[in-house]
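Contents: one structure, followed by commentary.
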Amino acid sequence: MNPRVRFAPSPTGPLHIGGVRTALYNYLFAKKNHGTFLLRIEDTDQTRFVEGAEAYIIEAFQWLGIKFDEGVGIGGDYGPYRQSERKAMYKPYAEQLVRDGWAYYAFDTPESLDAKRKEAEAAKKTFQYDASTRMGMVNSLTLPAEEVERRLAAGEHYVVRFKYPDNIDIHVHDLVRGEVVINSSLLDDKVLYKSDGMPTYHLANIVDDHTMEITHVIRGEEWLPSAPLHVMLYKAFGWEAPQFAHLPLLLKPDGNGKLSKRDGDRLGFPVFPLQWTDPKSGDISSGYRESGYLPEAVINMLALLGWNPGNDQELMSLQELIDAFSIEKISKAGAKFSLDKAKWFNHEYIQMKSADELYPYFEKILGKKHISCNADYVKNVIDLIKDRLNFINDFWEQACYFFEAPTEYDPQALKKRWKEGTGAHLKVIDDMLMSFQPFDKQKAQDTVMQYIQDNGLNMGQILNSVRIALVGTARGPELFTMIELMGTEETHRRIQRAIEVVNL
RNA sequence: GGCGAGUUCGUCUAGUUGGCCUAGGACGUCAGAUUUUCAUUCUGAAGAUCAGGAGUUCGAAUCUCCUACUCGCUACCA
């Protein structure tokens, strides 16, 4: 049977990069095994619903180039794929569990539960709704049947709680961690069905995974503690459980905690694929896309954070990742996100792109500066400066002088390269350069070099002074190539201006 | 507090059946080389006694036990 896997985010805000990796692993697994990858939206918590989050999630995967076969936004035979739209189907399942003795109605109010917790806290204990306490609570286990009926009929608020069999070992077979065993007496009677008529994650995810015929549940490690509950639920329903694989966490670059939005803000890197504006506060969180990352680079980097192909290959296309992927090679320990490595990946991917491919990105950047420019010229610039780009957004910093004459000159560079008499030499060189119409790079270079040699000048000094005139500082690609690209007119203007302004 | 998981260079990791590991690669760092400058690129170096301890064994990063530390979960959130 071909596997069916799902990515099931909650639309409570922008998609965390750890979630993206979870989705990626699901995707790689599905594609490797000729399976189906579907998107399900888990919006059972109406109080945490955030406008635009679902659209954000879909757009993020579009940008990343990860395609769902089925689900929200695509459709399929197992829909609807939004849990809010499946609301009606959960209640019968909850009732079935109560009928079969696997669950019970609980009428305890949030206030009374709070009181119990506080009470326990005062006694330095923790209150747990479980086999040891449930008989002292207000529920269908302690109330007479008629009373339960009456309360239900009267429309009183209630929740359905799972009733663990007492003192049994629950085995969870995890594909990355092996066998995990926990005793039922340590677990609390989790709420399955909420008083607002919605299931909790636990019930909804089991019902949906079963009815959607999910074969493998690949999710974050934070779900491991509730996996025993899920295993028990499958048992209670008499359903075959899917295989589980709990992924290691993505950790912050420094320290040990889980990577959070705050770490991104603090250390200056995005934690979300796309930029996100909070609809309530208006706060903006940066995204990989807007920060100048290439989606291929983000995917490659993420794939290797917690998994590796078992050899030394690090630069891998999506297809190569698919071909090499296997759950067995997923590591158990959490992985720290590294900004340096992310930068390196992105640099590598930019180098793989041609000027034609890169052009649209840079045209947009120029557009924002209100610069419209001949496409061939821009592409030539790209070829010249590409290898110094780590991010798409580095473009302007690295190439601005190709589009705007420098307005000031780096004092450090001037001090080092601009000596007495430099201006006079520049005048001569300027004339030489201008004399080639049309410009002949090789001849111009030969002529200037000859001049430098004939006058016993220092090549580094002279050429760099020209460079400062053109760029504003001592950096940039090969000088005569720049001159050729900028044109003699522009070169002339810049040299003249530099002589005037620096005036030494 | 309870429960669970994890622990190889600063970071990501290789190491799957114990011996070719005097622990390999990548990022980062440092040093050289190339270049008219900067960046790129290239070469090289430093960097882990495999969390610690005990044991099994001729031999352990790899097996067993104990300890420590870190993280996760502990809601009518997912």
Side-chain angles (χ1 to χ4, degrees), chain A residues 8-12 42-45 47-48 106 108-110 113-114 117 121 124-126 128-129 157-161 172 174 176-177 180-183 186-188 190-196 198-202 204-205 219-228 246 248-249 251 253-258 301 304-315 328-329 331-345 347 351 385-390 398 413 416-417 445 448-449 452 458-468 471 473-480:
Chain A
S10 199
T12 54
E42 310 224 322
D43 53 351
T44 52
D45 186 355
T47 62
R48 291 214 305 163
D108 314 278
T109 62
L113 288 172
D114 259 4
R117 286 194 188 101
E121 206 175 316
K124 297 232 176 195
K125 284 181 186 164
T126 37
Q128 188 166 273
Y129 209 125
H157 283 307
Y158 68 90
V159 298
V160 174
R161 284 182 182 273
V172 178
D174 186 272
V176 344
R177 279 152 226 285
V180 179
V181 185
I182 187 162
N183 192 280
L186 274 1
L187 273 6
D188 64 333
K190 277 276 179 296
V191 170
L192 300 178
Y193 194 79
K194 299 183 282 183
S195 59
D196 64 357
M198 277 290 217
T200 59
Y201 168 83
H202 304 295
N205 118 79
R219 71 215 322 186
E221 186 186 332
E222 67 269 24
W223 292 110
L224 193 54
S226 52
H246 289 95
L249 260 20
L251 273 22
D254 55 349
N256 290 310
K258 206 156 93 170
M301 164 198 77
L304 261 35
L305 235 37
W307 172 87
N308 77 86
N311 55 37
D312 289 341
Q313 193 181 1
E314 298 212 72
L315 258 10
E328 295 72 60
K329 289 235 158 268
S331 39
K332 296 176 174 66
K336 280 183 191 168
F337 174 89
S338 161
L339 181 57
D340 281 324
K341 195 80 182 235
K343 192 191 280 183
W344 175 77
F345 270 114
H347 177 261
Q351 304 321 308
I385 55 98
K386 191 173 79 169
D387 59 9
R388 42 192 88 213
L389 300 180
N390 286 322
Q398 294 299 332
K416 194 171 174 196
R417 304 295 188 185
Q445 184 166 351
V448 172
M449 295 303 221
I452 290 171
N458 180 309
M459 191 163 68
Q461 286 299 331
I462 295 302
L463 293 182
N464 275 303
S465 62
V466 179
R467 178 180 296 281
I468 291 167
V471 177
T473 186
R475 60 165 186 157
E478 203 274 327
L479 185 65
F480 291 91

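Each chain gets a letter, A, B and so on, in the order the sequences are listed, and its residues count up from 1. None of the values given here were measured: they were computed from a predicted structure.
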| query | Would you say a side-chain N or O of A:Ser331 is under 4.0 Å from OP1 or OP2 of B:U13? | reply | yes

| query | Are OP1 or OP2 of B:G15 and a side-chain N or O of A:Lys329 less than 4.0 angstrom apart? | reply | yes

| For B:C73, does either OP1 or OP2 sit under 4.0 Å from a side-chain N or O belonging to A:Lys258? | yes

| request: Go through B:C73, B:A78, B:A5 for me and flag the one nearest to the A:Leu224 side chain. | output: B:A5

| Below 4.0 Å: OP1/OP2 of B:C38 and any side-chain N or O of A:Arg467 | no

| request: Check whether any side-chain N or O of A:Lys194 sits under 4.0 Å from OP1 or OP2 of B:C77, and answer yes or no. | output: yes

| When only distance counts, do a donor and an acceptor, one from the side chain of A:Lys190 and one from the base of B:A75, lie under 3.5 Å apart? | no

| task | Please check the phosphate of B:U13 (OP1 and OP2 only) for any side-chain N or O of A:Asn308 closer than 4.0 Å. | result | no

| said: Is A:Arg177 close enough to B:G72 that one of its side-chain N or O atoms is under 4.0 Å from OP1 or OP2 there? | reply: no

| query | Which comes earlier along RNA chain B counting from the 5' end, the contact point of A:Asp340 or that of A:Thr200, where each point is its nearest nucleotide? | reply | A:Asp340

| query | More 5' along RNA chain B: A:Thr473 or A:Glu314, using each one's nearest nucleotide? | reply | A:Glu314

| query | Side chain of A:Arg48: nearest nucleotide among B:G25, B:A75, B:C77? | reply | B:C77

